[in-house]
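So the structure is just underneath, and the comments pick up after that.
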There are 2 protein chains.
Amino acid sequence: MNVTEPAHRILSNELRRRIAEGEYRGGLRLPTEAELAGRHDVSRQTVRRAFQDLVAEGIVYRVPGRGTFATESDGRYLRQLGSIEDLMNLSTDTTMEVVSALRRRVDVEAASRLRLETDLVDSVVFRRLHDGVPFVLTTVWLPEHIARHVRDAPELADGAASAHTIIGLLEPHLESPITEAAQSITVAAASAEVAAATGCEPGHPMLRVDRLYSDAQGRAAELAVSYFLPEHYTYRVTLRRGGH
Amino acid sequence: MNVTEPAHRILSNELRRRIAEGEYRGGLRLPTEAELAGRHDVSRQTVRRAFQDLVAEGIVYRVPGRGTFATESDGRYLRQLGSIEDLMNLSTDTTMEVVSALRRRVDVEAASRLRLETDLVDSVVFRRLHDGVPFVLTTVWLPEHIARHVRDAPELADGAASAHTIIGLLEPHLESPITEAAQSITVAAASAEVAAATGCEPGHPMLRVDRLYSDAQGRAAELAVSYFLPEHYTYRVTLRRGGH
DNA sequence: CGTTATTTGTGCGTATGTATT
DNA sequence: AAATACATACGCACAAATAAC
């Protein structure tokens, strides 16, 4: 894998961390480009490159003549999930840890939500960590004809840890690419399993996100139900109109 | 008033247009950095800057040694999800009931999130009902220069009930239309005020949605914080990509 | 199987413009 | 008016991945 992280990435990671820790809360200005360049012994261009990523992620905004500021966000883990690619790229800064390996099960409710004829589905349970801290437990259900492509994937074995997403693992094997993800977001109490995986008390209010991925023909390909710890995670989405 | 567009933006706009027209469909490679630099008589760095935006938007992906390709072998990208229109049309089957009329206040946090110079903002608090049942309490903050257009609107007086949205009331008065709504969604306990307005116990877990509306120039126009009763409301959004 | 050309990635330096304080 | 801070743009060098030979 990667041996040396680029300098601009090292810097953007550090800034991301500091912002997440709340160091620049309350409208506090971030260090200037010149300051960061001097302190980290890199060029101003490299600092700018790091800031460009942070701006694209929406975690800072910049004002000529004034400086750079963190967007207000309670210091939670902030992730822009405004496109299907965003969902797939969740892997770039989080780790997936399999709690219960992918295997066939009978699940009437999941099968019905996937609009299947049978009650047979494959499911896998995993949690995701950011900076070593678990923040979400997800259960994924797959129709049999899709699950068979990844049933032997080492990434989905018990206890496996990797930087993947299910949808990213699936995509190469699908005849028809995923084009739609319908999501519903609500609040639900943590079950014993959710509590154990995310380190909170049973009954703790969680952000519950249900996603149904479908292909261009409208066939359901994956159902995912996630319980996010609200203390460590905020769901973000940007709506646009007028062609962008 | 208007300044000349930066070279990298002119280039990225042209590429966006061409990609949307399907010129690079079917895995066709886009021109190389060197080609574009020569053809447009700009430096390679400027071409790279243009590509960085397209990559951040998820419109293209790049592979070292191979080239740049449009995402979606099959067409243009639709980053459109739930729409701002959906938010504005919330009024069709719900009623807005003003709890606390629009008036000027000092609010450091809201002003900072609206990126204002002063601490002076206008705010209004209202709840929304569906079939006579309250399901959400919303506080809206407006910059002074925007609030003055609606300060005397009867819809925002104390106790007023109507089938409107704030953004719908504002839109006709704005120089520049709202084009973006950045939302963060999390869980929060009901305050006494929220509990009273929605008929639940204080401390009850609520779905908290923060929306920051901005115009095409990126200027913040409205900040709204809503507390939804999860028993009566689920947030839905659909992400799509790839037309036809 | 290595060599070479192509193409993108990283990093630095410099200069100039524009917005804010 | 001057200093500060971000924005744009060009140039160069070298690294790394890929593909063609």
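Order of the sequence lines sets the chain letters (A, B, ...), proteins ahead of strands, with each chain counted from 1. Source: prediction; values computed, not measured.
The phosphate of C:dT7 has neither OP1 nor OP2 within less than 4.0 Å of any side-chain N or O from B:Arg62. Between B:Thr68 and C:dT7 there is no side-chain polar atom (N or O) within less than 4.0 angstrom of OP1 or OP2. Contact check, A:Arg29 against D:dA5: a side-chain N or O comes under 4.0 Å of OP1 or OP2. Residue A:Thr46 places no side-chain N or O under 4.0 Å from the OP1 or OP2 atom of C:dT10. A close approach under 4.0 Å does not occur between any side-chain nitrogen or oxygen of A:Arg66 and OP1 or OP2 of D:dC6. Under 4.0 angstrom from either OP1 or OP2 of D:dA7 there lies at least one side-chain N or O belonging to A:Arg48.
With sequence neighbours excluded, the residues that form a side chain to side chain donor-acceptor pair (under 3.5 Å) with B:Arg44 are B:Glu33. Residues meeting the side chain to side chain donor-acceptor pair (under 3.5 Å) test with B:Arg104, sequence neighbours left out: none. Not counting sequence neighbours, A:Thr198 has no partner by the side chain to side chain donor-acceptor pair (under 3.5 Å) test. Scanning for side chain to side chain donor-acceptor pair (under 3.5 Å) contacts around A:Thr138 gives A:Ser226, with sequence neighbours left out.
Residue B:Leu36 contributes atom CG, which lies 13 Å from atom P of D:dC10 at whole-angstrom precision. In this structure, the CZ atom of A:Phe51 is 15 Å from the P atom of D:dT8, given to the nearest Å. Atom-to-atom, NE2 of A:His40 to C1' of C:dG11 comes out at 16 Å; the value is rounded to the nearest Å. Between the CZ atom of B:Arg49 and the P atom of C:dT10 there is a distance of 15 Å, rounded to whole Å.
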Below 3.5 Å is the cut-off: list the nitrogen or oxygen pairs between protein and nucleotides 14-17 of chain C, distance only.
residue	atom	partner	partner atom	Å
C:dT14	O4	A:Gln45	NE2	2.8

Only distances under 3.5 Å count here; give the side-chain donor-acceptor pairs of residues 7-15 of chain A to other protein atoms, sequence neighbours excluded, each with its distance to 0.1 Å.
residue	atom	partner	partner atom	Å
A:His8	NE2	A:Arg49	NH1	3.1
A:Ser12	OG	A:His8	O	3.4
A:Ser12	OG	A:Arg9	O	3.1
A:Ser12	OG	A:Arg16	NH2	2.8
A:Asn13	OD1	A:Arg16	NH2	3.1
A:Asn13	ND2	A:Arg9	O	3.3
A:Glu14	OE2	A:Arg18	NE	3.4

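Under the 3.5 Å distance criterion, the side-chain polar atoms of A:Arg127 are matched with a main-chain donor or acceptor of A:Ala197.
Under the Watson-Crick and G-U wobble criteria, each requiring two contacts below 3.5 Å, nucleotide D:dA1 is left unpaired.
Here the side chain of A:Pro6 is nearest to one of C:dG11, D:dC10, D:dC6, namely C:dG11. Distances were taken from every side-chain heavy atom of B:His8 (C-beta onward) to each of C:dC12, D:dA9, C:dT10; the shortest belongs to D:dA9.
The aromatic rings of A:His130 and A:Phe135 stand perpendicular to each other, their planes meeting at an angle above 60°, with 30° marking the opposite boundary.
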